[in-house]
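See structure below.
Start at 1 and go down the list; that is how both ligands and their atoms are numbered. Quick caveat, the model's predicted, so the values are computed rather than measured.
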Amino acid sequence: MLNQKFNHLIDMDDYSVSQWNAMISLAQDIMARPESYSDKCRGKIMATLFYEPSTRTQMSFQAAMIRLGGSIIGFDNPGNSSVAKGENLKDTIKIVSSYSDILVMRHSQEGSARAAALSAECPVINAGDGGHLHPTQTLTDLLTLKTELGRLDNLTVGLCGDLKYGRTVHSILKALSCYKNNKFVLISTPALGLPVYIKDVLKARGCEFREVATIDEALPELDMLYMTRIQRERFDSEEEYQRQKGIYVLTKEKMQLAKKDMIVMHPLPRVNEIAVEVDDDPRAAYFRQAKCGMYVRMALILTTLNNQLTANPLLVGVTERDCRCTNPKCITRTEDYLPRSFRKYGDMMICEYCDERVLLK
Ligand code: NCD
(Lines give C-alpha, C1' and ligand atoms only; values in the text may rest on other atoms or scores of the structure.)
Protein backbone atom coordinates (compact mmCIF):
# COMPACT_ATOMS: atom_id res chain seq x y z
CA MET A 1 0.00 0.00 0.00
CA LEU A 2 1.22 3.49 -0.85
CA ASN A 3 2.51 5.59 2.01
CA GLN A 4 0.77 4.13 5.04
CA LYS A 5 3.54 5.10 7.44
CA PHE A 6 1.34 7.74 9.05
CA ASN A 7 -2.23 8.17 10.21
CA HIS A 8 -3.47 11.13 8.22
CA LEU A 9 -6.83 12.87 8.55
CA ILE A 10 -8.17 13.48 5.06
CA ASP A 11 -11.84 12.59 5.44
CA MET A 12 -14.14 11.78 8.39
CA ASP A 13 -14.44 8.26 6.99
CA ASP A 14 -10.75 7.66 7.69
CA TYR A 15 -11.55 6.86 11.32
CA SER A 16 -14.24 4.97 13.19
CA VAL A 17 -17.03 6.49 15.27
CA SER A 18 -15.38 5.17 18.44
CA GLN A 19 -12.14 6.99 17.54
CA TRP A 20 -14.11 10.23 17.02
CA ASN A 21 -15.94 9.74 20.31
CA ALA A 22 -12.65 9.25 22.14
CA MET A 23 -11.33 12.45 20.62
CA ILE A 24 -14.44 14.42 21.67
CA SER A 25 -14.06 13.11 25.24
CA LEU A 26 -10.40 14.09 25.26
CA ALA A 27 -11.32 17.59 24.02
CA GLN A 28 -13.84 17.90 26.86
CA ASP A 29 -11.18 16.93 29.36
CA ILE A 30 -8.79 19.51 27.87
CA MET A 31 -11.54 22.15 28.18
CA ALA A 32 -12.00 21.26 31.84
CA ARG A 33 -8.29 21.04 32.79
CA PRO A 34 -6.21 22.84 30.14
CA GLU A 35 -3.22 23.23 32.49
CA SER A 36 -2.65 19.45 32.58
CA TYR A 37 -1.96 19.50 28.85
CA SER A 38 0.31 22.53 28.60
CA ASP A 39 3.49 20.47 28.18
CA LYS A 40 2.27 17.48 26.20
CA CYS A 41 3.80 18.50 22.87
CA ARG A 42 6.99 20.12 24.07
CA GLY A 43 9.68 19.81 21.39
CA LYS A 44 7.18 19.03 18.63
CA ILE A 45 6.71 21.15 15.50
CA MET A 46 3.50 21.64 13.56
CA ALA A 47 3.56 23.12 10.03
CA THR A 48 0.52 25.03 8.80
CA LEU A 49 0.43 25.50 5.02
CA PHE A 50 -2.54 27.67 4.03
CA TYR A 51 -2.84 28.15 0.28
CA GLU A 52 -6.31 29.70 0.87
CA PRO A 53 -7.52 32.39 3.31
CA SER A 54 -8.38 31.39 6.87
CA THR A 55 -8.92 32.98 10.27
CA ARG A 56 -10.37 30.37 12.63
CA THR A 57 -8.92 27.16 11.24
CA GLN A 58 -5.38 28.43 10.98
CA MET A 59 -5.28 30.35 14.24
CA SER A 60 -7.09 27.71 16.28
CA PHE A 61 -4.61 25.09 15.05
CA GLN A 62 -1.70 27.36 15.91
CA ALA A 63 -3.14 28.31 19.31
CA ALA A 64 -3.83 24.62 19.97
CA MET A 65 -0.19 23.65 19.34
CA ILE A 66 1.14 26.56 21.40
CA ARG A 67 -1.19 25.63 24.29
CA LEU A 68 0.22 22.10 24.14
CA GLY A 69 3.75 23.47 24.50
CA GLY A 70 4.78 22.86 20.88
CA SER A 71 5.97 25.21 18.13
CA ILE A 72 4.73 26.21 14.69
CA ILE A 73 6.16 26.96 11.26
CA GLY A 74 4.43 27.53 7.92
CA PHE A 75 2.94 30.03 5.49
CA ASP A 76 -0.44 31.60 4.90
CA ASN A 77 0.52 33.25 1.65
CA PRO A 78 2.03 30.76 -0.79
CA GLY A 79 3.06 33.78 -2.88
CA ASN A 80 5.87 34.31 -0.36
CA SER A 81 7.09 30.73 -0.64
CA SER A 82 8.71 28.72 -3.45
CA VAL A 83 5.19 27.93 -4.69
CA ALA A 84 5.49 31.32 -6.41
CA LYS A 85 8.54 29.97 -8.28
CA GLY A 86 6.52 27.04 -9.59
CA GLU A 87 7.33 24.35 -7.02
CA ASN A 88 4.85 21.48 -7.19
CA LEU A 89 2.79 20.27 -4.24
CA LYS A 90 4.79 17.07 -3.86
CA ASP A 91 8.12 18.84 -3.37
CA THR A 92 6.73 21.47 -0.98
CA ILE A 93 5.10 18.78 1.15
CA LYS A 94 8.14 16.50 1.07
CA ILE A 95 10.37 19.29 2.38
CA VAL A 96 8.05 20.91 4.93
CA SER A 97 6.95 17.55 6.35
CA SER A 98 10.59 16.59 6.85
CA TYR A 99 10.95 19.66 9.11
CA SER A 100 7.80 18.91 11.13
CA ASP A 101 5.99 16.31 13.23
CA ILE A 102 2.52 17.11 11.89
CA LEU A 103 1.40 19.11 8.86
CA VAL A 104 -1.91 20.98 8.49
CA MET A 105 -2.82 22.06 4.98
CA ARG A 106 -5.61 24.07 3.33
CA HIS A 107 -5.66 24.21 -0.46
CA SER A 108 -8.10 25.35 -3.15
CA GLN A 109 -8.03 22.14 -5.18
CA GLU A 110 -10.24 19.17 -4.43
CA GLY A 111 -8.33 16.08 -3.34
CA SER A 112 -5.19 18.08 -2.53
CA ALA A 113 -4.94 16.77 1.04
CA ARG A 114 -4.91 13.14 -0.11
CA ALA A 115 -2.33 14.06 -2.74
CA ALA A 116 -0.17 15.78 -0.11
CA ALA A 117 -0.36 12.80 2.24
CA LEU A 118 1.06 10.55 -0.48
CA SER A 119 4.43 12.28 -0.33
CA ALA A 120 4.50 13.44 3.31
CA GLU A 121 7.10 12.44 5.90
CA CYS A 122 4.65 13.07 8.77
CA PRO A 123 0.88 12.91 9.35
CA VAL A 124 -1.18 15.32 7.19
CA ILE A 125 -4.37 16.97 8.42
CA ASN A 126 -6.84 18.25 5.84
CA ALA A 127 -7.86 21.78 6.83
CA GLY A 128 -10.09 22.14 3.74
CA ASP A 129 -9.54 20.99 0.15
CA GLY A 130 -11.48 23.28 -2.17
CA GLY A 131 -15.22 22.69 -2.12
CA HIS A 132 -14.73 19.06 -1.11
CA LEU A 133 -14.15 18.30 2.60
CA HIS A 134 -13.25 19.93 5.90
CA PRO A 135 -13.02 17.22 8.57
CA THR A 136 -11.53 19.30 11.39
CA GLN A 137 -14.45 21.75 11.16
CA THR A 138 -16.63 18.69 11.65
CA LEU A 139 -14.71 17.72 14.79
CA THR A 140 -15.39 21.25 15.99
CA ASP A 141 -19.07 20.83 15.16
CA LEU A 142 -19.31 17.47 16.94
CA LEU A 143 -17.71 18.87 20.10
CA THR A 144 -20.11 21.83 19.95
CA LEU A 145 -23.16 19.57 19.59
CA LYS A 146 -21.99 17.33 22.42
CA THR A 147 -21.33 20.31 24.69
CA GLU A 148 -24.52 22.21 23.82
CA LEU A 149 -27.07 19.40 23.37
CA GLY A 150 -25.36 16.50 25.15
CA ARG A 151 -25.70 14.05 22.26
CA LEU A 152 -24.68 13.26 18.67
CA ASP A 153 -27.63 10.97 17.88
CA ASN A 154 -31.41 11.38 17.69
CA LEU A 155 -31.04 14.83 16.16
CA THR A 156 -32.99 16.62 13.46
CA VAL A 157 -30.48 18.84 11.71
CA GLY A 158 -31.20 21.53 9.13
CA LEU A 159 -28.39 22.57 6.78
CA CYS A 160 -28.97 25.81 4.94
CA GLY A 161 -27.27 27.76 2.15
CA ASP A 162 -24.50 26.53 -0.11
CA LEU A 163 -24.74 22.77 0.17
CA LYS A 164 -22.97 22.31 -3.16
CA TYR A 165 -19.66 24.01 -2.49
CA GLY A 166 -19.81 24.11 1.33
CA ARG A 167 -17.11 21.62 2.34
CA THR A 168 -18.11 21.82 6.01
CA VAL A 169 -21.58 20.54 5.05
CA HIS A 170 -20.15 17.52 3.25
CA SER A 171 -17.95 16.53 6.17
CA ILE A 172 -20.56 17.04 8.90
CA LEU A 173 -23.06 14.91 6.97
CA LYS A 174 -20.47 12.17 6.58
CA ALA A 175 -20.00 12.18 10.35
CA LEU A 176 -23.55 12.66 11.66
CA SER A 177 -24.86 9.97 9.30
CA CYS A 178 -22.81 7.46 11.32
CA TYR A 179 -24.75 8.15 14.53
CA LYS A 180 -28.15 6.59 15.22
CA ASN A 181 -31.43 8.15 14.22
CA ASN A 182 -30.21 11.49 12.88
CA LYS A 183 -32.47 13.16 10.30
CA PHE A 184 -31.49 15.90 7.88
CA VAL A 185 -33.43 18.74 6.27
CA LEU A 186 -31.50 20.20 3.34
CA ILE A 187 -32.43 23.84 2.76
CA SER A 188 -31.05 25.26 -0.50
CA THR A 189 -31.89 26.46 -3.99
CA PRO A 190 -31.79 23.73 -6.65
CA ALA A 191 -28.56 25.24 -8.01
CA LEU A 192 -26.78 24.88 -4.65
CA GLY A 193 -28.07 21.44 -3.64
CA LEU A 194 -26.02 18.70 -2.02
CA PRO A 195 -23.68 16.77 -4.39
CA VAL A 196 -24.91 13.33 -5.40
CA TYR A 197 -21.99 11.53 -3.78
CA ILE A 198 -22.95 12.88 -0.34
CA LYS A 199 -26.62 12.02 -0.90
CA ASP A 200 -25.47 8.51 -1.74
CA VAL A 201 -23.63 8.31 1.59
CA LEU A 202 -26.85 9.28 3.42
CA LYS A 203 -28.83 6.70 1.45
CA ALA A 204 -26.28 3.95 1.99
CA ARG A 205 -26.38 4.61 5.74
CA GLY A 206 -30.19 4.57 5.78
CA CYS A 207 -30.54 8.21 6.92
CA GLU A 208 -33.80 10.03 6.49
CA PHE A 209 -33.41 13.32 4.62
CA ARG A 210 -35.57 15.72 2.62
CA GLU A 211 -34.90 18.81 0.53
CA VAL A 212 -36.86 22.02 1.11
CA ALA A 213 -36.75 25.53 -0.34
CA THR A 214 -37.27 27.74 2.74
CA ILE A 215 -35.88 28.03 6.27
CA ASP A 216 -39.39 28.64 7.63
CA GLU A 217 -40.77 25.26 6.68
CA ALA A 218 -37.86 23.46 8.35
CA LEU A 219 -37.32 25.52 11.51
CA PRO A 220 -40.04 24.21 13.88
CA GLU A 221 -38.72 20.63 13.91
CA LEU A 222 -34.98 21.29 14.14
CA ASP A 223 -32.64 20.57 17.04
CA MET A 224 -29.81 22.32 15.22
CA LEU A 225 -29.72 24.71 12.26
CA TYR A 226 -26.37 24.80 10.41
CA MET A 227 -26.14 28.02 8.42
CA THR A 228 -23.49 28.43 5.71
CA ARG A 229 -22.01 31.18 3.57
CA ILE A 230 -22.56 31.16 -0.19
CA GLN A 231 -19.04 30.24 -1.37
CA ARG A 232 -18.41 33.10 -3.79
CA GLU A 233 -14.86 31.96 -4.66
CA ARG A 234 -16.08 28.58 -5.94
CA PHE A 235 -18.57 29.88 -8.54
CA ASP A 236 -17.81 29.72 -12.24
CA SER A 237 -19.25 33.21 -12.75
CA GLU A 238 -19.92 36.31 -10.65
CA GLU A 239 -23.44 36.55 -12.18
CA GLU A 240 -24.35 33.14 -10.80
CA TYR A 241 -23.09 34.18 -7.34
CA GLN A 242 -25.16 37.37 -7.53
CA ARG A 243 -28.26 35.25 -8.30
CA GLN A 244 -27.66 32.99 -5.29
CA LYS A 245 -26.54 35.39 -2.58
CA GLY A 246 -28.94 36.77 0.02
CA ILE A 247 -31.67 34.17 -0.54
CA TYR A 248 -31.38 32.75 2.98
CA VAL A 249 -31.12 35.12 5.92
CA LEU A 250 -31.80 34.02 9.48
CA THR A 251 -33.43 36.86 11.45
CA LYS A 252 -34.73 37.39 14.99
CA GLU A 253 -38.24 37.13 13.62
CA LYS A 254 -37.59 33.74 12.01
CA MET A 255 -36.03 32.48 15.26
CA GLN A 256 -39.53 32.68 16.80
CA LEU A 257 -40.44 29.64 14.69
CA ALA A 258 -37.68 27.54 16.25
CA LYS A 259 -37.74 25.35 19.36
CA LYS A 260 -36.68 26.98 22.63
CA ASP A 261 -33.67 24.67 22.84
CA MET A 262 -32.64 24.59 19.18
CA ILE A 263 -29.13 25.83 18.52
CA VAL A 264 -27.80 27.77 15.52
CA MET A 265 -24.36 26.81 14.28
CA HIS A 266 -22.22 28.29 11.49
CA PRO A 267 -18.59 27.45 10.62
CA LEU A 268 -18.03 31.20 10.02
CA PRO A 269 -17.20 33.57 8.42
CA ARG A 270 -20.77 34.77 7.99
CA VAL A 271 -21.48 37.27 5.27
CA ASN A 272 -25.14 38.25 5.63
CA GLU A 273 -26.86 34.93 6.18
CA ILE A 274 -27.34 35.47 9.92
CA ALA A 275 -28.55 38.93 10.93
CA VAL A 276 -26.34 40.41 13.66
CA GLU A 277 -29.46 40.80 15.87
CA VAL A 278 -29.53 36.98 16.25
CA ASP A 279 -26.17 37.05 18.11
CA ASP A 280 -27.88 38.01 21.39
CA ASP A 281 -30.20 35.01 21.28
CA PRO A 282 -28.84 32.35 23.69
CA ARG A 283 -29.50 29.77 20.96
CA ALA A 284 -26.84 31.38 18.75
CA ALA A 285 -23.97 28.93 19.33
CA TYR A 286 -21.59 29.95 16.54
CA PHE A 287 -19.09 31.93 18.60
CA ARG A 288 -18.97 29.19 21.24
CA GLN A 289 -18.51 26.75 18.33
CA ALA A 290 -15.42 28.62 17.10
CA LYS A 291 -13.87 28.28 20.57
CA CYS A 292 -14.57 24.52 20.57
CA GLY A 293 -12.38 24.40 17.45
CA MET A 294 -9.25 25.13 19.43
CA TYR A 295 -9.89 22.42 22.07
CA VAL A 296 -10.80 19.74 19.57
CA ARG A 297 -7.70 20.54 17.52
CA MET A 298 -5.61 20.16 20.69
CA ALA A 299 -7.16 16.71 21.07
CA LEU A 300 -6.50 15.91 17.41
CA ILE A 301 -2.85 17.00 17.51
CA LEU A 302 -2.25 15.05 20.73
CA THR A 303 -3.91 11.85 19.51
CA THR A 304 -2.14 12.03 16.16
CA LEU A 305 1.29 12.67 17.67
CA ASN A 306 0.78 9.89 20.24
CA ASN A 307 -0.03 7.59 17.32
CA GLN A 308 -3.33 6.59 18.88
CA LEU A 309 -5.26 6.61 15.62
CA THR A 310 -5.53 3.95 12.94
CA ALA A 311 -6.53 5.45 9.62
CA ASN A 312 -7.84 3.80 6.48
CA PRO A 313 -5.35 3.46 3.60
CA LEU A 314 -4.91 6.51 1.36
CA LEU A 315 -5.60 4.79 -1.95
CA VAL A 316 -7.43 1.50 -2.24
CA GLY A 317 -8.68 1.60 -5.84
CA VAL A 318 -7.08 0.79 -9.15
CA THR A 319 -4.63 2.99 -10.99
CA GLU A 320 -5.87 3.77 -14.50
CA ARG A 321 -3.27 5.46 -16.69
CA ASP A 322 -5.76 6.09 -19.48
CA CYS A 323 -8.58 7.44 -17.31
CA ARG A 324 -8.55 11.10 -16.32
CA CYS A 325 -10.69 12.75 -13.63
CA THR A 326 -13.18 15.08 -15.37
CA ASN A 327 -13.45 17.50 -12.44
CA PRO A 328 -11.52 20.64 -13.48
CA LYS A 329 -10.93 21.45 -9.78
CA CYS A 330 -9.36 18.06 -9.01
CA ILE A 331 -5.73 18.12 -7.88
CA THR A 332 -4.86 15.42 -10.44
CA ARG A 333 -5.53 17.95 -13.22
CA THR A 334 -2.51 20.04 -12.30
CA GLU A 335 -0.20 17.65 -10.42
CA ASP A 336 0.42 15.29 -13.27
CA TYR A 337 2.73 12.84 -11.43
CA LEU A 338 -0.09 11.64 -9.12
CA PRO A 339 -1.26 8.06 -9.62
CA ARG A 340 -4.73 8.29 -11.24
CA SER A 341 -6.55 6.13 -8.78
CA PHE A 342 -10.23 5.20 -9.00
CA ARG A 343 -12.75 3.02 -7.16
CA LYS A 344 -15.09 1.05 -9.41
CA TYR A 345 -18.80 1.93 -9.03
CA GLY A 346 -21.10 0.14 -11.49
CA ASP A 347 -20.14 1.36 -14.94
CA MET A 348 -18.50 4.42 -13.41
CA MET A 349 -15.17 5.13 -11.78
CA ILE A 350 -14.90 7.36 -8.71
CA CYS A 351 -11.80 9.53 -8.42
CA GLU A 352 -10.14 8.68 -5.10
CA TYR A 353 -8.95 12.24 -4.61
CA CYS A 354 -12.06 14.35 -5.25
CA ASP A 355 -14.94 11.79 -5.42
CA GLU A 356 -15.93 12.84 -8.97
CA ARG A 357 -17.74 10.16 -10.95
CA VAL A 358 -16.16 9.42 -14.27
CA LEU A 359 -17.88 7.32 -16.95
CA LEU A 360 -15.79 4.47 -18.29
CA LYS A 361 -15.22 4.77 -21.99
C1 NCD B 1 -15.29 27.44 6.45
C2 NCD B 1 -14.35 26.95 5.36
O3 NCD B 1 -13.23 27.43 5.23
O4 NCD B 1 -14.78 26.05 4.65
N5 NCD B 1 -14.66 28.21 7.42
C6 NCD B 1 -14.00 27.61 8.45
O7 NCD B 1 -13.09 26.84 8.25
N8 NCD B 1 -14.40 27.86 9.69
C9 NCD B 1 -16.55 28.01 5.94
C10 NCD B 1 -16.51 29.09 4.89
O11 NCD B 1 -15.46 29.56 4.47
O12 NCD B 1 -17.60 29.49 4.51
Query raised in the report: Identify the closest protein heavy atom to atom 5 (N) of ligand 1: which residue and atom is it, and at what distance?
Result: Leu268 O, 2.9 Å

Query - Arg114 to Tyr353, cation-pi by 6.0 Å centre distance and 45° axis angle - result: no

Query raised in the report: When you measure from the side chain of His8 to the backbone N and O of Ile10, does any donor-acceptor pair fall under 3.5 Å?
Result: no

Report task. Examine the proximity of ligand 1 to Thr168 and report which part, side chain or backbone, both or neither, has a heavy atom under 4.0 Å away. Result -> side chain

Query - Residue and atom name of the nearest protein heavy atom (relative to atom 3 (O) of ligand 1), distance in Å to one decimal - result: Arg167 NH2, 2.9 Å

Report task. Answer side chain, backbone, both or neither: which part of Arg106 comes under 4.0 Å from ligand 1, heavy atoms only. Result -> side chain

**Report entry** Atoms of ligand 1, numbered as shown, that sit under 4.0 Å from any heavy atom of Pro269
**Finding:** 10 (C), 11 (O)

Query - ligand 1 atoms in contact with His134 (distance to a heavy atom under 4.0 Å) - result: 2 (C), 4 (O), 6 (C), 7 (O)

Report task. Establish, yes or no, whether the cationic atom of Lys199 lies under 6.0 Å from the six-membered ring centre of Phe209 and within 45° of the ring axis. Result -> no

Query - Ligand-residue contact atoms, ligand 1 with Arg229, heavy atoms, under 4.0 Å - result: 10 (C), 11 (O), 12 (O)

Query - Protein contact to atom 8 (N) of ligand 1 [nearest heavy atom, distance to 0.1 Å] - result: Pro267 O, 2.9 Å

Requested in this report: Any chance you could measure Met349, atom CE, to Arg343, atom CZ, to the nearest 0.5 Å?
Outcome: 11.0 Å

Report task. Step by step, work out the salt bridge (charged side-chain N to carboxylate O under 4.0 Å, His left out) result for Asp141 and Lys146. Result -> CA-CA 9 Å; Asp141 301 341; Lys146 188 82 184 169; over 6 Å; no

Requested in this report: Kindly say whether Asp129 contributes a backbone atom to a donor-acceptor pair with the side chain of Arg106 at under 3.5 angstrom?
Outcome: no

